[in-house]
Student: 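Have a look at the structure that comes next, please.
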There are 2 protein chains.
Amino acid sequence: MSTPAAFAGLAALMGDPARAAMLQALLSGEALTAGELARAAGIGAPAASAHLARLAEGGLVLVHPQGRHRYHRLAGEEVAAAIEMLGGLATAVAPARRWPHGEEFRQARLCYDHLAGRLGVALHGALTGRGWIAPAPGGWQATGAGEAGLAALGVDLTAARRARRFACDCMDWSERRAHLAGGLGREIAACCLRRHWLRRLPPLREGDPLGRRRLALTPEGARQLDAALGVRLAA
Amino acid sequence: MSTPAAFAGLAALMGDPARAAMLQALLSGEALTAGELARAAGIGAPAASAHLARLAEGGLVLVHPQGRHRYHRLAGEEVAAAIEMLGGLATAVAPARRWPHGEEFRQARLCYDHLAGRLGVALHGALTGRGWIAPAPGGWQATGAGEAGLAALGVDLTAARRARRFACDCMDWSERRAHLAGGLGREIAACCLRRHWLRRLPPLREGDPLGRRRLALTPEGARQLDAALGVRLAA
DNA sequence: TGGTCGCTTCGGTCCGGGGCGAAGCGTCGC
DNA sequence: GCGACGCTTCGCCCCGGACCGAAGCGACCA
């Protein structure tokens with residue numbers, strides 16, 4: 001099929017260390033400039049420009065020129081899901097001794113536009129366990145209880161439904177379990193940030209490709225999520 | 001983390017056309033000899049040997065020496081799932097005009113040890129829709145009705161439970177939806193083949209990397225799956 | 001309207017690694 | 001036990017592509 005060649009081309013696109021670092025940095029969901037991505041990848045501007053052109057031509061990133069900056073972001077949720085899953089396989093297959101980013105990174109982080117880490121999989125488990133979401137063709141749908149409960153939390157279900165997929169699974173890289181993606185995943189993350197239940201942490205090091213994804217649960221957030229959903233993360 | 005480097009290494013491993021063709025061929029779930037894989041990749045024996053050594057060292061394939069042959073198979077279900085998902089992204093991102101393997105390939109095929117294609121996603125939908133399986137931490141569990149129904153079909157649930165994961169989702173490459181993997185997915189596929197509800201089709205061309213995955217539903221299989229689960233594929 | 005800045009293009013270098021032929025080695029079959 | 005076979009190792013060539021410095025181009029600022 002077109003696939004052996006297309007597959008190899010896509011994998012090769014991800015298979016360069018510099019491009020991989022760029023994609024990892026873009027998993028924060030932000031749109032980053034070519035310069036920021038060059039710093040994240042640890043290469044010069046000309047090399048970064050060439051890499052970004054290839055990523056864009058390959059359909060993995062979208063370019064957004066704005067003044068003298070060129071902003072880049074991942075082309076979509078499926079791209080993010082594939083990167084996250086490949087990262088999971090990499091840690092599964094390689095020794096993967098320690099996590100330079102500490103436990104915080106496994107605890108809570110962004111995966112494109114939704115929540116990942118222990119918090120992400122705990123939320124997924126709580127939503128399914130309490131029957132707030134139920135299996136539907138191609139993903140999940142909200143039940144009656146779920147609509148009420150999510151609305152009470154402040155999740156914008158109307159916005160969530162506007163997404164191409166309302167709710168679907170995304171393989172969690174560190175936990176090797178599914179967390180929730182799709183419009184609902186995005187709106188839950190947005191709600192948690194808007195209500196200051198989660199806050200973004202600054203990168204540990206300047207130019208760290210993964211630093212932009214770091215999140216921390218606030219005391220208020222821990223309280224609210226426990227009360228509403230029984231989500232309780234081990235300290 | 002270890003990830004930018006490990007991630008890139010893993011992706012680069014998949015990013016060579018010859019290695020990609022080998023991995024695709026191994027998605028049939030069979031263990032293939034180095035020579036068969038060389039033919040599937042369209043390269044000579046020395047090159048194939050080097051590629052397979054790298055795939056094995058990277059943890060993607062396991063080697064099984066047997067006499068003067070060396071059999072290779074995918075290292076596990078997660079490897080298969082990642083390959084399948086990356087293939088899906090490749091078709092999503094590239095034009096992906098026509099399917100040289102025809103509609104049969106989208107209809108039913110093997111994905112490692114379980115069923116994929118329209119049949120695979122239809123089975124997934126039927127099992128969830130009828131409440132035979134229900135969400136559980138890390139995947140799915142069988143309900144009471146599911147245990148009875150599956151046993152009546154002839155699915156070996158005891159064997160299914162011996163797997164590391166009983167049932168989990170695997171992104172379907174052509175349908176862009178989840179189908180069922182894990183021990184249950186494997187046993188369902190085995191049951192369908194054992195009872196001649198499905199039969200393996202010969203490769204269209206000699207040395208076709210994807211040919212080994214082709215399946216066809218028999219009339220008896222269509223009847224049985226419709227009666228038991230309401231699974232009916234459009235002709 | 002210069003000057004600075006962000007990014008791209010061009011030119012050139014260099015290295016990794018993918019390919020093959022030939023040879024070596026262990027296994028199977030007559 | 002000898003040849004055939006499957007696979008690996010070795011030696012070699014060669015090409016793609018990753019990188020940088022320098023230059024070019026457009027956008028913002030004073």
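Lettering follows sequence order; numbering is per chain, from 1.
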Student: Please determine if B:R161 and B:E187 form a salt bridge, counting it only when a charged side-chain N lies under 4.0 Å from a carboxylate O.
Tutor: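 Looking at B:E187 together with B:R161, the answer is no, because their closest N to O distance does not fall below 4.0 Å.
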Student: Please report, rounded to the nearest Å, how far the P atom of D:dA27 is from the NE2 atom of A:H64.
Tutor: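 Rounded to the whole Å, the gap is 17 Å.
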Student: DNA chain D: A:A18 or B:L52, which has the more 5' nearest nucleotide?
Tutor: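 Result: B:L52.
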Student: How close or far is atom P of D:dT9 from atom CZ of B:R54, stated in whole angstroms?
Tutor: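 Nearest whole value for this atom pair: 14 Å.
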Student: Measure from the side-chain heavy atoms of B:D16 and tell me the nearest of D:dT8, C:dT8, C:dG18.
Tutor: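 Among D:dT8, C:dT8, C:dG18, the one nearest the side chain of B:D16 is C:dG18.
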Student: Assign B:A34 to base, sugar-phosphate, or nothing according to its heavy-atom contacts below 4.0 angstrom with the strands shown.
Tutor: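 Contact class for B:A34: sugar-phosphate only.
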Student: Does the distance from a Lys or Arg side-chain N to an Asp or Glu carboxylate O, for A:D156 and A:R186, drop under 4.0 Å?
Tutor: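 Looking at A:R186 together with A:D156, the answer is no, because their closest N to O distance does not fall below 4.0 Å.
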Student: Phosphate oxygens OP1/OP2 of C:dT8: is one of them under 4.0 Å from a side-chain N or O of A:R70?
Tutor: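 Yes, such a contact exists.
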Student: Evaluate A:R73 against A:E30 for salt bridge (charged side-chain N to carboxylate O under 4.0 Å, His left out), listing each step before the verdict.
Tutor: CA-CA 6 Å; A:R73 58 188 175 88; A:E30 300 168 297; over 6 Å; no
Student: Should A:R165 and A:E77 count as an ion pair when the cut-off is N to O under 4.0 Å?
Tutor: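 Answer for the salt bridge query: no.
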Student: If you pin B:A50 and A:G67 to their nearest nucleotides in DNA chain D, which one's is more 5'?
Tutor: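 Looking at the nearest nucleotide for each, B:A50 comes out on the 5' side.
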Student: Can you tell me how far C1' of C:dG18 sits from CG of B:L37, to the nearest Å?
Tutor: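 Rounding to the nearest Å, CG of B:L37 and C1' of C:dG18 are 17 Å apart.
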Student: Separation of A:H69 atom NE2 from C:dT4 atom P, in whole Å?
Tutor: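 A:H69 atom NE2 is separated from C:dT4 atom P by 17 Å.
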Student: Does the side chain of B:T33 get closer than 4.0 angstrom to OP1 or OP2 of D:dG6 through an N or O atom?
Tutor: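 No, no such contact exists.
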Student: Measure CD/A:E36 against P/C:dC7 and give the value in whole Å, please.
Tutor: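 Those two atoms, CD and P, are 8 Å apart.
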Student: For residues A:L119 and A:L215, determine if any side-chain heavy atom of one lies less than 4.5 Å from a side-chain heavy atom of the other.
Tutor: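 The answer is no; the side chains never approach within 4.5 Å.
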Student: Output the rounded distance in Å from CG (A:L13) to P (D:dG16).
Tutor: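 About 17 Å, once rounded to whole Å.
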Student: Measure from CD1 on A:I43 to P on C:dC7 and round the result to the nearest Å.
Tutor: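 These atoms are roughly 13 Å apart.
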Student: Choose from C:dG18, D:dC20, C:dT8 the nucleotide whose nearest atom is closest to any side-chain atom of B:R19.
Tutor: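 For B:R19, the side-chain atoms sit closest to C:dG18.
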Student: Write down the distance between CE (A:M22) and P (C:dC7), rounded to a whole number of angstrom.
Tutor: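 Rounding to the nearest Å, CE of A:M22 and P of C:dC7 are 11 Å apart.
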Student: Between the base of D:dC5 and the side chain of B:R68, is one N or O donor paired with an acceptor at under 3.5 angstrom?
Tutor: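 Checked by distance alone, the answer is yes.
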Student: When you measure from the side-chain N and O atoms of A:H51 to the phosphate of D:dC19, is any distance below 4.0 Å, counting only OP1 and OP2?
Tutor: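 Yes, within the criterion.
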